[in-house]
2 protein chains.
Amino acid sequence: MSKSQRLLKLLMTVNRKRKFTVKELAREFGVSPRTILRDLQELSEWGVPLYSEVGPHGGYRVLNDRMLPPIAFTEEEAIAIFFASNALRHYSSLPFEAKLSSALTKFYAAMPGDVRDRIDQMKNRVDLVAPTRQAASPHLSILLDAAVHQKVLLMDYESRSGRRTRREIQPVGIYASGGLWYCPAYCFRQKAFRIFRCDRIHGIQESDSGTRPVDLREVHLGNVKSLIHQDQECVRICAELTREGVQRCEAEPWLAPQLHIREDGTGWLDAPFPKTDFPFFARFFIGLGKEATVKGPPELVTCIKRMLAELLDKYS
Amino acid sequence: MSKSQRLLKLLMTVNRKRKFTVKELAREFGVSPRTILRDLQELSEWGVPLYSEVGPHGGYRVLNDRMLPPIAFTEEEAIAIFFASNALRHYSSLPFEAKLSSALTKFYAAMPGDVRDRIDQMKNRVDLVAPTRQAASPHLSILLDAAVHQKVLLMDYESRSGRRTRREIQPVGIYASGGLWYCPAYCFRQKAFRIFRCDRIHGIQESDSGTRPVDLREVHLGNVKSLIHQDQECVRICAELTREGVQRCEAEPWLAPQLHIREDGTGWLDAPFPKTDFPFFARFFIGLGKEATVKGPPELVTCIKRMLAELLDKYS
DNA sequence: TTTATTTATGACAATTCTTGTCACTATTAT
DNA sequence: ATAATAGTGACAAGAATTGTCATAAATAAA
């Protein structure tokens, strides 16, 4: 094995093991300890953060920021990655912000001039617009970390009505939608899954009350929604949609699965939703105007009529 | 200079030059042509797509899919990039799809097992939800290419009313918003900038009519909007918002700049908009319900009242 | 056709780099 | 004290790299 090959394998090995001794590696690679020492010195010069301790139980360690083996990309791949990362700039307070920008800097620096030119040209020609609200969400990292490592957090939360409560939760994950970050979590106070808005969290920390975490390994963003609606009373909402109405409903991600479309472009909605959401749906269908005709349930129609009357009253 | 250093520099050099001779490189690197030949052979073995021609005016070339110098990322950086790219999966028909997924495969393959585990854990815990409409946009690549290279395209477009027209355009760029792709472009028929919805484009190709491209080098997604509204008659729309109303307006990216917020969370809108958008705004404010009070202009209030009356009529 | 230019390959010796061995130092946990 | 561990320096054997030279083959241009 040539020296450069050995160094590359060594890099991968030390990253895998995190802790090792010179002798151990020497055996593994079939070279003398002296050679390994020289190799490790070279890796150090490459920037691999190695740290050593002498004495029994000593040995080498790789510090946290370990380096992955270098990867060679083609031009097209590099541009795709660059674009993808760039597209996220509309999201405020991403949990990865700092690392992402340092990675992009590295990327950009490594590229030959003409590839940079291509990227520069493209940068102002492709965009993914996402709504940006002014509400910042500074707690994303701790929520994400708790979700991954199954930790219980204690938070100070402001409910929709403005009341503040302290409650213990165990996050399932975080997601951004419509410009806001949300955190589905198991709430120990309510003994149920709830969705919290991250910008309404006033303070959060790891809980030290000794509450035992629940097992959420099988619960993730993909399936948590079914667990949330489970315990609520649901009513089927039916509405007829014009072509324009269909197009506008398609823009609502939470609605898409219950949307049925006919060949001519018109369609209808038929979906179970919790009763407590009536005011929301009333507003929603009013917003659709002529493009939607609500068939039922009657309570929803009544709710819509009342709202319309109120509004008409307001503007006379 | 050590051999490995030389090879790395050589890799960058050949990527920069694309075409070169052995003698040339030998002079540049201060080694003999024989050594360069051996080095180039080694690069070939690494997978660099080199191609050579003998004879005068011959020489070496790098084929299209040239490789960028390998980049070493730290674990955190790699995860950030992976997450960023992964976040784009909600966008249908991205112009980069194929390359992005091949890059991600490369990435994933190069990572040690435990980093992969971390990524797997994280994958289901973070998400950026973007509305996904069923409307596909198959023409994104050609639009983007035309925007970058200043080309004139001929397209078959279906307007909002359903009428189909053929027109020559020169794209400024493309962007996704609310689950749809849009293409601001200079329209040669209307001699003005317009925004087209990409899913309403039924066919598109490079124009061969000989229409001369206009100079759009200084026009990009960041400034094209100002060029579009320039020629339309605008009216100032004023509305008072409750706290809830403010929060909902913040979710609309096109509204954010004109939104003013008071200390107590309430706010007001004061923005110039083209008259033709009245029906849109009427619907929008009706959708806000009690949370917004439109102050003016009177025509807009009239429009709102009429719509409300129609709706109330519809539901009685 | 001839000539100049260019890639391509093989052989060999000079040079440089790499590696293992050995001797030695220093630190630290047991 | 002892054993385990990193770390350094010197040196020689061996391996890899490099330059030189000879030679072949293709091809564009004169």
Side-chain angles (χ1 to χ4, degrees), chain A residues 1-67 69-70 72, chain B residues 1-67 69-70 72:
Chain A
M1 186 162 34
S2 78
K3 188 193 174 190
S4 45
Q5 262 184 64
R6 194 183 57 234
L7 281 173
L8 208 69
K9 287 202 177 176
L10 196 62
L11 176 60
M12 297 200 253
T13 305
V14 302
N15 274 331
R16 201 182 61 239
K17 295 175 111 93
R18 310 301 287 269
K19 187 173 187 327
F20 49 88
T21 67
V22 173
K23 220 192 249 173
E24 190 184 326
L25 292 183
R27 259 200 315 276
E28 196 171 322
F29 283 87
V31 294
S32 73
R34 186 69 183 87
T35 303
I36 293 292
L37 272 170
R38 284 192 271 242
D39 286 352
L40 288 175
Q41 194 160 19
E42 195 152 336
L43 285 191
S44 263
E45 280 158 22
W46 286 13
V48 182
L50 293 173
Y51 163 81
S52 66
E53 271 179 348
V54 297
H57 310 302
Y60 267 88
R61 284 162 196 278
V62 189
L63 297 184
N64 49 353
D65 266 350
R66 62 184 165 153
M67 207 170 270
Chain B
M1 186 160 37
S2 79
K3 190 194 173 189
S4 46
Q5 263 183 65
R6 193 183 59 232
L7 280 173
L8 208 70
K9 286 202 178 175
L10 195 63
L11 177 59
M12 297 201 253
T13 305
V14 301
N15 273 330
R16 201 182 60 240
K17 293 176 114 94
R18 310 298 286 270
K19 186 175 189 325
F20 50 88
T21 68
V22 173
K23 219 191 250 173
E24 191 183 326
L25 292 183
R27 258 201 314 278
E28 197 171 322
F29 282 87
V31 295
S32 74
R34 187 68 182 86
T35 303
I36 292 292
L37 270 169
R38 284 193 270 241
D39 286 352
L40 288 175
Q41 195 159 20
E42 194 152 340
L43 285 192
S44 262
E45 282 158 21
W46 286 14
V48 182
L50 292 174
Y51 163 80
S52 66
E53 272 178 347
V54 298
H57 308 302
Y60 267 89
R61 284 162 198 279
V62 188
L63 297 184
N64 49 353
D65 262 351
R66 62 183 162 151
M67 209 167 270

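Per chain, numbering begins at 1; letters A, B, ... match sequence-line order.
Applying the 3.5 Å distance criterion, the base of dG20(C) shares a donor-acceptor pair with the side chain of Arg38(A).
The separation between Leu50(B) atom CG and dT7(C) atom P is 12 Å, rounded to whole Å. Atoms CD (Glu24(A)) and P (dT5(D)) sit 9 Å apart, rounded to a whole Å. In this structure, the CG atom of Asp39(A) is 16 Å from the C1' atom of dT8(D), given to the nearest Å. What separates CD1 of Ile36(B) from P of dT17(D) is a distance of 14 Å, to the nearest Å. Residue Leu7(A) contributes atom CG, which lies 9 Å from atom P of dT18(C) at whole-angstrom precision. The distance between atom NZ of Lys3(B) and atom C1' of dT18(C), rounded to the nearest whole Å, is 13 Å. Separating the CD atom of Glu53(B) from the P atom of dA29(D) is a distance of 12 Å, rounded to the nearest angstrom. Between the CG atom of Leu43(B) and the P atom of dT7(C) there is a distance of 15 Å, given to the nearest Å.
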Might you work through the side chain to side chain contact (heavy atoms under 4.5 Å, CB included) test for Met1(B) and Phe29(B), ending with a clear yes or no?
CA-CA 9 Å; Met1(B) 186 160 37; Phe29(B) 282 87; 4.2 Å; yes
Could you give me the CA-CA distance, side-chain angles and deciding distance for Lys23(A) and Ile36(A), then say whether side chain to side chain contact (heavy atoms under 4.5 Å, CB included) is met?
CA-CA 8 Å; Lys23(A) 220 192 249 173; Ile36(A) 293 292; over 6 Å; no
Walk me through it: do Phe20(A) and Thr13(A) pass the test side chain to side chain contact (heavy atoms under 4.5 Å, CB included)?
CA-CA 10 Å; Phe20(A) 49 88; Thr13(A) 305; over 6 Å; no
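Of all heavy-atom pairs spanning Leu50(B) and Leu40(B), the tightest one is CD1-O, 3.6 Å. Closest heavy-atom contact between Leu25(B) and Val14(B): CD1-CG1, 4.3 Å.
An OP1 or OP2 oxygen of dA11(C) is reached within less than 4.0 angstrom by no side-chain nitrogen or oxygen of Arg34(B). At least one side-chain nitrogen or oxygen of Thr35(B) sits closer than 4.0 Å to the OP1 or OP2 atom of dG19(D).
With distances taken from any side-chain atom of Val31(B) to the nucleotides dT7(C), dC22(C), dG19(D), the minimum falls on dG19(D). The side chain of His57(B) has dA29(D) as its nearest neighbour among dT19(C), dA29(D), dT20(D). For Leu37(A), taking side-chain heavy atoms from C-beta onward, the closest of the listed nucleotides dA8(C), dT9(C), dT8(D) is dT8(D). Side-chain proximity of Pro56(A) to the nucleotides dT28(C), dT18(D), dT20(D) is greatest for dT28(C). Taking the side chain of Gln41(A) as heavy atoms from C-beta on, and the options dT18(D), dT19(C), dT8(D), the nearest nucleotide is dT8(D). Ranking dA6(D), dT19(C), dT18(D) by closeness to the Ser52(A) side chain, first place goes to dA6(D). Listed nucleotides: dT7(C), dT18(C), dT27(C). Nearest to the side chain of Val54(A): dT27(C).
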